[in-house]
Each structure stands twice: as C-alpha cells, then as structure tokens.
Amino acid sequence: MNDRDLDSREDRTLVLLKVEEAARRLQIGRTLCYRYIRTGELESVPVGRLRRVPADAVIEFAAQLRRAHRPAA
C-alpha cells in the first residue's frame with residue numbers, strides 16, 4: 001500500500017475533516033451535514049475560507065443522537 005492508496009476515508013488520524021468526510025463517517029448526505037452545522041448541532045471551525053469538522057465532534061454528535069433516542073426507563 002502506498003500513499004496514494006490511503007485517502008481521507010481511511011485515515012482515522014485526521015483531526016479536522018472536510019464536511020464531506022464528516023458526512024461519510026456519519027453516513028448522511030452532505031446537505032444534511034451542512035444543515036447540522038448551520039443549526040449548531042454539529043461543531044465546525046473555519047480554517048481560512050474553508051469549513052472543517054473536528055473529528056471528535058463527529059463522535060460527540062453521534063453520542064448525542066444515541067442519548068436523544070434512548071428508550072425511557
């Protein structure tokens with residue numbers, strides 16, 4: 001395997017993800033991912049003119065969804 005074979009879809013060491021990469025990890029569409037960013041449900045940060053999603057924000061977002069959809073005890 002060379003550097004070309006490794007792309008961002010498989011690089012779990014990335015700290016900041018493109019919105020498309022975050023959407024891929026969440027298995028949602030890019031438009032829905034942008035909607036979650038716009039509403040503040042998914043954290044993102046500006047990097048110059050770009051928008052990036054911290055990798056740990058994706059994990060936290062998924063955890064929030066799990067908590068929100070737990071059955072009442």
Side-chain angles (χ1 to χ4, degrees):
M1 181 181 298
N2 61 33
D3 290 339
R4 289 184 186 164
D5 293 335
L6 270 181
D7 64 12
S8 60
R9 286 179 288 186
E10 298 175 17
D11 187 355
R12 298 295 178 179
T13 63
L14 291 176
V15 176
L16 294 174
L17 306 172
K18 295 177 184 176
V19 174
E20 292 81 3
E21 294 166 337
R24 190 177 309 114
R25 287 190 183 186
L26 291 166
Q27 296 185 325
I28 61 175
R30 182 178 64 99
T31 303
L32 183 56
C33 194
Y34 274 109
R35 183 180 308 152
Y36 286 136
I37 289 170
R38 189 175 57 251
T39 62
E41 294 175 74
L42 178 60
E43 179 188 359
S44 70
V45 295
V47 179
R49 295 178 61 195
L50 305 173
R51 179 65 48 184
R52 294 291 185 252
V53 178
D56 60 341
V58 173
I59 295 167
E60 179 56 34
F61 178 77
Q64 288 173 5
L65 290 176
R66 290 179 70 189
R67 286 191 296 270
H69 292 92
R70 277 199 184 130

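All heavy atoms count here, side chains included; hydrogens, waters and symmetry mates do not.
Interatomic distance, CD of Q64 versus CG of L42, reported as 9.0 Å (0.5 Å rounding). Between the NZ atom of K18 and the CZ atom of R51 there is a distance of 16.0 Å, given to the nearest 0.5 Å. In this structure, CG in L65 is found 10.0 Å from CD in E60, a value given to the nearest 0.5 Å. The CZ atom of R38 lies 11.5 Å from the SG atom of C33; values are rounded to the nearest 0.5 Å. Of the inter-residue distances, the one linking Y36 atom OH with I28 atom CD1 reads 6.0 Å to the nearest 0.5 angstrom.
Evaluated for a side chain to side chain contact (heavy atoms under 4.5 Å, CB included) with S44, the options L17, L16, V53 yield exactly one hit, V53.
In terms of hydrophobic clustering, with Ile, Leu, Val, Met, Phe, Trp and Tyr side chains grouped at heavy-atom distances under 4.5 Å, I59 and L26 are assigned to different clusters. One hydrophobic cluster, built from ILVMFWY side chains closer than 4.5 Å, cannot hold both L50 and V58; they sit in different ones.
Under a 4.0 Å N-O distance rule, the pair R52/E43 does not qualify as a salt bridge.
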Inset, instruction - Determine, stepwise, if the pair Y34 / E20 fulfils side-chain contact (heavy atoms from CB on, under 4.5 Å). - result: CA-CA 9 Å; Y34 274 109; E20 292 81 3; 4.2 Å; yes

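Within a 6.0 Å radius of CZ in R66, other residues, nucleotides and ligands contribute 12 heavy atoms or fewer.
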